[in-house]
Structures are given as structure tokens and as C-alpha cells.
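Everything on this sheet refers to the single structure shown next.
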Amino acid sequence: MYELKEKVALVTGASRGIGRAVALELGRHGASVVVNYHQNEAAAQEVVQELAKLGAKAAPVQANVADPEQAKALVQAAVERFGGLDVLVNNAGISRDRTIRRMSVEEWQEVLRTNLDSAFYCVSAAVSHIIDRGGGRIVNVSSIQGQAPNAGVANYASSKAGIIGFTKVAAVELARYNITVNAVCPGFVETDLIAGLSDEIKQQLVSRVPLGRFGRPEEVASLVRYIVTEGDYITGQCLNLNGGMYM
Ligand code: NDP
């Protein structure tokens with residue numbers, strides 16, 4: 001078992017949705033948590049306050065992880081604030097759905113930079129610090145869309161399939177340093193990311209889920225926490241959590 005007390009976790013995009021739930025779950029299990037956000041400072045502060053109520057040390061750090069310099073500064077801030085880094089959760093993500101015929105170059109690049117390039121930036125900045133601690137955990141948030149995508153998500157699906165490939169290579173490269181690297185692939189989860197879908201689309205999507213409902217952020221957070229605390233012998237995997245939507 002990987003004990004989270006005395007460990008430092010950095011969760012990107014932790015102000016809302018899945019990242020928020022992961023930050024709270026890791027804090028509940030004893031980690032000190034760096035709550036990264038992009039624009040929503042008030043929400044990040046609220047997560048830090050929730051963590052304090054759970055007895056966890058926490059700090060909000062603003063950074064756009066799609067920018068390599070800001071990602072590096074984020075990792076540095078985490079190390080300076082809590083004296084090291086053990087766990088990195090690459091969760092920050094966006095969608096800009098459009099068919100390939102209508103998708104702009106900007107929409108393609110913004111999603112790839114935010115969802116995929118950011119993981120490379122954060123991992124490459126974090127690795128030497130995690131090695132300094134004798135090893136640790138990296139969890140990347142992918143998606144069912146990287147495995148069995150719908151139409152209209154070429155940018156998003158490519159970023160999430162890319163995360164799976166990146167996870168496997170990082171797992172091979174970092175195993176010798178006692179660092180496990182895994183991905184989680186959620187199906188549809190009730191967060192702001194899907195709040196904008198019409199009721200009709202939501203109904204269509206739910207009808208494709210054998211368990212008959214969307215997932216909850218806390219369910220993804222439990223899986224991430226399980227990988228971190230129980231996953232000594234789990235690396236290079238993509239763990240699915242999708243209500244049976246993709247098998
Ligand atoms: P939300 O839209 O609810 O939250 C997104 C989070 O990412 C926010 O904290 C936001 O910060 C942050 N963020 C966005 N862009 C950046 C950036 N450039 N730099 C730093 N932080 C950023 O999304 P979800 O919680 O739904 O999604 C989280 C992850 O889970 C994403 O990678 C998503 O692709 C993935 N996922 C989601 C699914 C779903 O159905 N919801 C299903 C499968 C995977 P701020 O609040 O400051 O804007």
C-alpha cells in the first residue's frame with residue numbers, strides 16, 4: 001500500500017469537476033494537495049477550503065498547463081510550497097466539438113495543447129522531483145472518446161488516444177525509478193464539460209450506457225485514489241470506468 005500521509009499531490013484542473021473530486025479524495029487520504037486552476041480562482045479557493053475541513057494541507061496555484069513555461073512553473077511552485085512532489089494527476093482538459101469539415105486549426109490546436117501537450121509538459125517537469133522522493137505515481141485522465149469515439153470529436157479523441165500512448169511509454173521509461181504511470185478512461189461524467197449538451201443528446205448517450213446513467217466525479221476520483229494507494233503492481237494501464245458503455 002502506498003501511504004499518502006507525508007505525500008504531495010499535484011492535480012491539474014482541480015477547481016471543478018473530476019479534478020476537484022480527485023483533489024478532495026487524495027486530501028481525504030492524507031496527501032497535501034496543490035490545486036491547479038486556469039481561470040476560476042474562486043472555485044479553486046473553495047476546494048482548498050474543503051480540503052482544510054478534511055484536515056489536508058492545500059494550496060491553489062494558477063497556471064495554464066497548455067503553456068510549457070507555466071506548466072514548469074506550476075510544478076516548481078508545488079515543490080517549493082510542500083517540499084517535494086510524489087503524485088501527479090494530469091486531469092485538466094477541454095472540448096471544442098465540431099466535425100472535421102468545420103473544425104478550425106485553432107480548435108484542433110487548443111484541444112491538443114490543453115489535453116495532450118500539457119501532460120508531456122507536466123510529466124517532464126515533474127519527473128526529476130518524483131525521482132528525488134524515491135518514486136511515486138502519475139495518473140493521466142484520458143476518456144472513452146480515446147477508445148471508441150463519437151463523430152465531432154476528432155481533436156478531443158486524438159488528444160485522449162494520445163494520452164493512452166503517452167501513458168504507456170512513460171510507464172516503460174519510469175518503471176526503473178519506481179514510478180507507476182496509468183490512465184483512467186471515464187465514460188460520460190456529470191460535470192460542466194457535458195452540462196452544455198442538449199437533453200436530447202444526453203438521453204441518446206445515456207441509452208448507450210448499460211448501467212443506465214452517467215458517472216459521477218467521485219467515482220472517477222475513487223478509481224484514481226485506488227491506482228495511487230493500491231496500485232503497486234499496476235502500470236501502463238488504461239482503467240475503464242464507463243458503466244459498460246465500452247468493453
Ligand atoms: P470541467 O470542465 O468540469 O473542468 C475542467 C477543469 O480543467 C477546470 O478545473 C479548469 O480550470 C481546468 N482547465 C481547463 N483548461 C485548463 C488549462 N489550460 N490549464 C489548467 N487548467 C485547465 O471538466 P471535467 O471535470 O469534466 O474533465 C476533467 C478531465 O476529465 C478532462 O481531461 C476531461 O477530458 C476528462 N473527461 C471528462 C469526462 C466527462 O464526461 N466529464 C469523460 C471522460 C474524460 P478553471 O476552472 O480554472 O477553468
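Side chains included, hydrogens not; waters and symmetry mates left out as well; all remaining heavy atoms used. Read the numbers this way: they start at 1 and go in the same order the structure lists the ligands and their atoms.
Nearest-heavy-atom check against atom 30 (O) of ligand 1 across Val141, Ile94, Leu197, Leu205 picks out Val141. Considering only non-hydrogen atoms, atom 36 (N) of ligand 1 lies nearest to Tyr156 out of Phe188, Tyr156, Tyr37. Of the listed options Gly93, Gly17, Ala14, Gly93 places a heavy atom closest to atom 5 (C) of ligand 1. Here atom 3 (O) of ligand 1 lies nearest to Thr191 when heavy atoms of Thr191, Leu241, Ile194 are compared.
Taking 4.0 Å as the cut-off, Ala63 counts as a neighbour of ligand 1 on heavy-atom distance. Distances shorter than 4.0 angstrom occur between a heavy atom of Ser142 and an atom of ligand 1. Residue contact annotation: Ser118 has no non-hydrogen atom under 4.0 Å from ligand 1.
For ligand 1, one of its N or O atoms has an N or O atom of Ile18 under 3.5 Å away.
Judged by distance alone, with hydrogens and angles left aside, the side-chain atoms of Asn240 form no donor-acceptor pair with the main-chain N or O of Pro186 at under 3.5 Å.
Ion pairing between Arg96 and Glu106 fails under the 4.0 Å rule for side-chain N and carboxylate O. Between Glu190 and Arg216 there is no salt bridge, since no side-chain nitrogen of the basic residue lies less than 4.0 Å from a carboxylate oxygen of the acidic one.
For Gly13 against Ala92, the heavy-atom pair with the smallest separation is N-CB, 3.9 Å.
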